[in-house]
Amino acid sequence: MLALKLATRSSAKSPASASCITQSPRGSSKNMTLITAPTTTATGSDVRVRFCPSPTGTPHVGLIRTALFNWAYARRTGGKFIFRIEDTDASRDSEESYGQLVEGLRWLGIDWDEGIDTGGPNEPYRQSERGHIYQDVIEKLKSSGHLYESFLTGEEIEQRNIANSRAVQLGYDNSERDLSEEDRQAYLSEGRKPALRLRVPDQDITFVDLVRGEITFPAGSFPDFVLVRPGGAPLYTLVNPVDDALMGVTHVLRGEDLLSSTPRQIALYNALVEAGVATFIPRFGHLPFVMGEGNKKLSKRNPESNLFLHRDRGFIPEGLLNYLALLGWSISADRDIFSLDELCENFEIENVNPNPARFDQKKADAINAAHIRLLTDEDFVARILPYLQSAGVIQGQPTARQLEILSAVAPLTKERVIVLGDVPAMIEFLFVDAADLKIDEDALKQLPENAVEIVSVAKASLESIEDFTTDAIHQALSDSLVDGLGEKPRNAFGPVRTAISGRRVTPPLFECMEILGKEQSLARLEAFVQSR
RNA sequence: GGUCCUAUCGACUAGCGGUUAGGUCAUCACCCUUUCAAGGUGAGAACACGGGUUCGAAUCCCGUUAGGACUACCA
């Protein structure tokens with residue numbers, strides 16, 4: 001025990017510890033291998049990060065946050081961002097989901113330097129098309145002695161543990177590391193086919209996590225694990241690190257759920273280096289979970305996990321990404337709103353907070369609203385158009401008059417929505433004829449007794465106006481309703497608003513009347529009086 | 001069972017040995033106001049617990065407690 005501590009300490013002090021992997025051999029297995037491969041020292045433009053989702057289901061905001069941080073890290077360092085698809089599980093993967101992943105990243109503006117569609121020096125970027133590559137790597141690992149055949153079934157492994165009074169949960173006992181040739185032949189003659197396991201070094205494995213600092217897994221924390229199925233099909237445990245190695249990935253930024261498998265991957269990387277497949281071990285950084293209600297990881301069942309639901313509601317990429325970045329990272333002590341450029345300029349993986357963060361829809365909404373207000377009027381119009389079209393407010397391409405209305409109402413509307421999906425209901429009345437205007441229940445409910453009187457006085461006072469402008473309208477209505485009838489502004493303008501828009505909440509009333517024009521406005525007031 | 005991670009207002013966080021513990025969302029109050037927003041001002045609200053190290057601990061160390069992850073011939 002003392003010797004172990006000394007070993008760890010001295011190795012930490014030695015100059016050789018520029019490598020992040022600390023070695024402290026323990027025990028004395030005949031086949032003991034040690035981790036000797038160097039950890040990458042890549043910085044700046046040598047940085048290579050990747051996003052490698054499995055195409056199962058619709059894109060999840062937690063997944064997007066991972067993509068965002070990898071992307072931001074690449075943009076910050078000047079390195080490369082690789083987009084790879086891990087579609088080796090035909091039963092769960094779907095082409096539809098693959099398409100959604102690509103669509104999602106494109107919509108958000110997260111672009112990649114190598115990968116799907118874009119191509120690059122390490123094609124193909126879909127694992128389902130890389131089968132031949134893995135077979136070659138498996139051969140190299142076999143001939144360098146890092147893999148060994150394992151014939152025991154799960155049931156047999158459990159039996160052995162019971163027989164040896166070893167905890168069943170401990171799993172495999174590495175008992176076939178030195179299988180004799182006779183035993184091997186005996187298994188083969190039974191018609192068994194072996195899985196291939198990695199000979200894991202009997203030593204503590206330490207690495208410096210980019211968000212959590214130094215982490216040590218004691219020797220024996222996990223058994224020799226399977227890399228290849230009986231029959232030769234490679235597993236995720238093999239293909240993920242192999243692809244990273246082949247693609248030269250230097251920094252692996254991924255979810256916290258993979259933290260425990262990192263020592264396994266370091267052991268594999270070491271084997272890969274010794275087998276001549278890789279030249280270094282990457283650095284790892286484990287991002288905190290995105291949580292949902294209670295203390296549970298945000299699951300695909302939670303609607304707020306679905307990227308496209310946010311888009312459909314009217315989140316804009318700037319808002320959603322800003323909020324997602326806030327889940328574990330902050331730009332400064334007193335600022336929450338920032339652009340993607342600012343994120344890329346300031347992102348430091350070392351500043352990511354290791355605690356899990358809860359997804360808060362209210363705050364996400366507030367951040368999105370702030371970004372909508374930052375849009376120029378032209379940009380705002382362009383972005384709300386699809387929402388107006390799908391709500392049926394505008395059919396097909398907008399007319400010149402509709403465009404005119406939109407640009408007039410844009411600055412008024414921008415200030416009072418939290419998502420773009422709020423817009424159609426708010427401005428629909430500007431696009432219908434007086435005869436077709438419907439009056440909402442909640443607008444009617446709060447009308448004063450003398451609503452009809454107010455509206456007809458309003459109409460009379462507006463008829464004489466020459467210039468039908470906001471100021472003139474305001475003046476005329478104030479004179480006739482507030483001064484003339486002695487109504488409070490609230491009581492005076494409420495009925496007019498309802499008659500004009502049919503709604504309780506609208507952009508500012510006088511501006512809306514100016515946009516509608518004198519004829520339309522008066523027609524609506526008249527229609528209201530007639531219908532009561 | 002084993003291994004690992006985590007712990008600051010209701011939520012997200014700033015803090016990296018000396019702060020009246022700061023900001024944002026949410027909540028409440030007031031101001032502004034033609035509705036709704038936006039904006040302005042203000043209030044309440046946190047260092048999980050126990051030891052240690054130190055002149056001094058939210059900050060470093062240990063333990064406890066509480067969450068969480070992993071422990072597949074899934075990815």
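These numbers come from the heavy atoms of this one structure, side chains and all, not from hydrogens, waters or symmetry mates. Naming: A, B, ... by sequence-line order, numbering from 1 per chain.
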Whether [Y] and [X] form a salt bridge (side-chain N of Lys/Arg under 4.0 Å from carboxylate O of Asp/Glu) is what I want to check.
X: A:Asp224; Y: A:Arg264; answer: no
X: A:Asp244; Y: A:Arg84; answer: yes
X: A:Glu256; Y: A:Arg212; answer: yes
X: A:Asp173; Y: A:Arg166; answer: no
X: A:Arg130; Y: A:Asp87; answer: no

Could you give the distance separating [M] and [N] at their [atom1] atoms, to the nearest angstrom?
N: B:C74; M: B:G15; atom1: P; value: 43 Å
N: B:C12; M: B:U71; atom1: C1'; value: 32 Å
N: B:A58; M: B:U20; atom1: P; value: 13 Å
N: B:U19; M: B:U8; atom1: C1'; value: 14 Å
N: B:U59; M: B:U13; atom1: C1'; value: 16 Å
N: B:C49; M: B:A38; atom1: P; value: 36 Å
N: B:A46; M: B:U24; atom1: C1'; value: 15 Å
N: B:C25; M: B:A37; atom1: P; value: 15 Å

Hunt down the Watson-Crick or G-U wobble partner of [N], both distances under 3.5 Å, from any strand shown, or write none.
N: B:C60; answer: B:G52
N: B:C9; answer: none
N: B:A29; answer: B:U41
N: B:G1; answer: B:U71

Please report the distance, rounded to the nearest Å, between [atom1] in [X] and [atom2] in [N].
X: A:Leu412; N: B:U35; atom1: CG; atom2: C1'; value: 13 Å
X: A:Arg504; N: B:C36; atom1: CZ; atom2: C1'; value: 7 Å
X: A:Arg490; N: B:A37; atom1: CZ; atom2: P; value: 11 Å
X: A:Asn368; N: B:A26; atom1: CG; atom2: P; value: 13 Å
X: A:Ile205; N: B:C5; atom1: CD1; atom2: P; value: 14 Å
X: A:Tyr323; N: B:U13; atom1: OH; atom2: C1'; value: 11 Å
X: A:Ile367; N: B:C12; atom1: CD1; atom2: P; value: 14 Å
X: A:Asp365; N: B:C12; atom1: CG; atom2: P; value: 16 Å

Looking only at N and O atoms, is any donor in the side chain of A:Arg497 or the base of B:U34 less than 3.5 Å from an acceptor on the other one? yes
Touch class at under 4.0 angstrom, heavy-atom based, for [X] against every strand present:
X: A:Phe217; value: sugar-phosphate
X: A:Arg358; value: sugar-phosphate
X: A:Ala167; value: nothing
X: A:Glu293; value: nothing
X: A:Gly255; value: nothing
X: A:Pro263; value: nothing
X: A:Arg503; value: nothing
X: A:Arg212; value: sugar-phosphate

From [options], pick the nucleotide closest to the side chain of [X]?
X: A:Leu327; options: B:U34, B:C12, B:C4; value: B:C12
X: A:Arg416; options: B:U35, B:A14, B:C5; value: B:U35
X: A:Asp336; options: B:G23, B:U8, B:U34; value: B:G23

Mind checking whether A:His474 and A:Phe510 have parallel, tilted or perpendicular rings, split at 30° and 60°? parallel
Testing the 3.5 Å rule here: is there a donor-acceptor pair between the side chains of A:Arg92 and A:Thr56? no
If we ignore angles and hydrogens, is there a donor and acceptor under 3.5 Å between the side chains of A:Glu304 and A:Gln361? no
Taking OP1 and OP2 of B:A14, is either one under 4.0 Å from a side-chain nitrogen or oxygen of A:Asn353? yes
According to a strict under-4.0 Å criterion, is A:Asn351 in side-chain N/O contact with OP1 or OP2 of B:A14? no
Summarise how protein sits on nucleotides 67-75 of chain B as a single string, 5' to 3': B when a protein heavy atom is under 4.0 Å from the base, S for sugar-phosphate-only contact, - for no contact. SSBSS-BBB
Smallest heavy-atom separation, A:Ile372 atom then A:Lys414 atom, equals O-CG, 3.6 Å
Does the side chain of A:Met513 reach to within under 4.5 Å of the side chain of A:Thr470, using non-hydrogen atoms? no
